[in-house]
Amino acid sequence: MAINIFQEFSRGLQEEGLTRKNLAAKMHVTQAAVSNWEARGIPDDKLIPMALAIGNDRFLKAVIEYQTGLRVFADDLDTDNPLVVYLYEKMAQKKFEEARERAEPAMSKGRDHFTPTDVSKIRSYIDSGESLVESLESLIGSLKSQIRPVEKVKAWM
């Protein structure tokens, strides 16, 4: 299946509730630059930063598949490719930071003053922290598996 990166881009923006103006601000570029990329093609060196700025898992997978040829949409994918694992870790880190920013005002109130919305924000913060830990563990495992063969060869030398 060929990836339609523009379709995935539009879907990612819509799912995350982002406008092109929001995306431009997150990427520290002008709104005209984003519009230009849509009209003429997104430069390869902007795809990963764009995926991380949008913060949408599906768009990140589309970018990875588009740039690497790895089939990341496959249900049975269990890749040890460090690039893929690293990008997922970066996405988890970004979501954790955003959840923290949303939860900090609630946490400063003290638990006796939490509203249901505060509890939801704090729960999201906890969940994103757990996801980040899983991503980091996966990244560490992937990197270890990549260096073990090298270490074994060097031990024989």
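Computed from a prediction, not measured in an experiment: that's the story for all the values here.
Under the 4.5 Å side-chain heavy-atom criterion for grouping Ile, Leu, Val, Met, Phe, Trp and Tyr, Phe6 is connected to Met50 within one hydrophobic cluster.
Here Glu104 does not pair with Lys121 in a salt bridge; the nearest charged N to carboxylate O distance is not below 4.0 Å. Glu65 has no carboxylate O lying under 4.0 Å from a charged side-chain N of Lys61, or vice versa, which leaves the two without a salt bridge.
In this structure, Glu16 and Phe59 have side chains that are not in contact, with every pair of non-hydrogen atoms separated by 4.5 Å or more. No side-chain heavy atom of Val119 sits under 4.5 Å from any side-chain heavy atom of Ile122. Contact annotation: the side chain of Lys26 approaches that of Leu18 to within less than 4.5 Å [non-hydrogen atoms, C-beta and beyond].
Distance check: Leu52 CG to Met27 CE gives 9.5 Å after rounding to the nearest 0.5 Å. With values rounded to the nearest 0.5 angstrom, Ile48 atom CD1 is found 7.0 Å from Ile64 atom CD1. Rounding to the nearest 0.5 Å gives a distance of 7.5 Å between CD of Glu101 and CD of Glu97. Interatomic distance, CD of Glu8 versus CG of Leu13, reported as 11.5 Å (0.5 Å rounding). Once rounded to the nearest 0.5 Å, the distance linking CD of Gln31 with OG1 of Thr19 reads 6.5 Å. Atom CZ of Phe9 sits about 10.0 Å away from atom CG of Leu47, to the nearest 0.5 Å.
Of all heavy-atom pairs between Asn22 and Gly17, the closest is OD1-O, 4.3 Å. Of all non-hydrogen atoms in Met107 and Tyr125, the two that sit nearest each other are CE-CE2, 3.7 Å. The heavy-atom pair separating Ala99 from Ser128 by the smallest distance is CB-OG, 3.4 Å.
No option in Ile5, Ile42, Asn4 other than Ile5 meets the side chain to side chain contact (heavy atoms under 4.5 Å, CB included) test with Tyr66. Asp118 pairs with exactly one of Arg111, His113, Lys109, Arg123 by the side-chain hydrogen bond (donor to acceptor under 3.5 Å, both in side chains) rule, that one being Lys109.
A search for side chain to side chain contact (heavy atoms under 4.5 Å, CB included) contacts involving Ala33 returns Val29, Thr30, Trp37, not counting sequence neighbours. Residues satisfying the salt bridge (charged side-chain N to carboxylate O under 4.0 Å, His left out) test with Glu15, not counting sequence neighbours, are none.
Counting only distance, with no hydrogens or angles, the side chain of Ser124 and the backbone of Ser120 share no donor-acceptor pair below 3.5 Å.
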Inset, instruction - Please assess Lys95 against Asp57 for the test salt bridge (Lys or Arg N to Asp or Glu O under 4.0 Å), listing each intermediate value before the final yes or no. - result: CA-CA 11 Å; Lys95 288 182 178 183; Asp57 289 334; 3.3 Å; yes
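Annotation for Lys94: atom NZ counts as buried by contact number, over 12 foreign heavy atoms lying within 6.0 Å.
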